[in-house]
Novice: 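Below is a structure I'd like to ask you about.
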Amino acid sequence: MSALTAELAVAREACARLDGAMVSVLEGASSEQRGTLLGELHVVDRLNQQLEALDTFLRRVDCGESLLEIGKALPAITLAEVAERMGAALSMAAVDAPPPPMGDCEYF
């Protein structure tokens, strides 16, 4: 799991760089181009949200959840659409669980 979490961190960083670059381009764009660029910035923002949701889920699973308890980790995904897709793909529904952990996990 830590390898997946690390790769997600790399992807999130790249997405943040893309977002920054698009904002720079938007600032110098004509008014006609701004509409299109703004729409694409919304797509990048949505991607950032999806990466954040997956990161939160993986951190929850990596903090000790077994595969049998993965339904308890699904509520950690704050983007409902992602949680529903993952739950459906895993044939699991989200169950009540405490909020996701903040920061690093403590194992002892």
Novice: Apply salt bridge (charged side-chain N to carboxylate O under 4.0 Å, His left out) to R12 and list each qualifying residue two or more places apart in sequence or on a separate chain.
Specialist: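 Partners of R12 by the salt bridge (charged side-chain N to carboxylate O under 4.0 Å, His left out) criterion, ordered by chain and then number, come out as E52, D55.
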Novice: In chain order, what residues pass the side chain to side chain donor-acceptor pair (under 3.5 Å) check against N48, with sequence neighbours excluded?
Specialist: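 N48: no side chain to side chain donor-acceptor pair (under 3.5 Å) contacts found.
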Novice: I'd like a table of donor-acceptor pairs (distance under 3.5 Å, sequence neighbours excluded) in which one partner is a side-chain atom from residues 13-31, with atom names and distances.
Specialist:
| unit_1 | atom_1 | unit_2 | atom_2 | d |
| --- | --- | --- | --- | --- |
| S24 | OG | G20 | O | 3.3 |
| S30 | OG | Q33 | N | 3.3 |
| S30 | OG | Q33 | OE1 | 3.4 |

Novice: Is there a path from V44 to L51 through hydrophobic residues (I, L, V, M, F, W, Y) whose side chains come within less than 4.5 Å of each other?
Specialist: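 Per the 4.5 Å side-chain linkage, V44 and L51 are not co-clustered.
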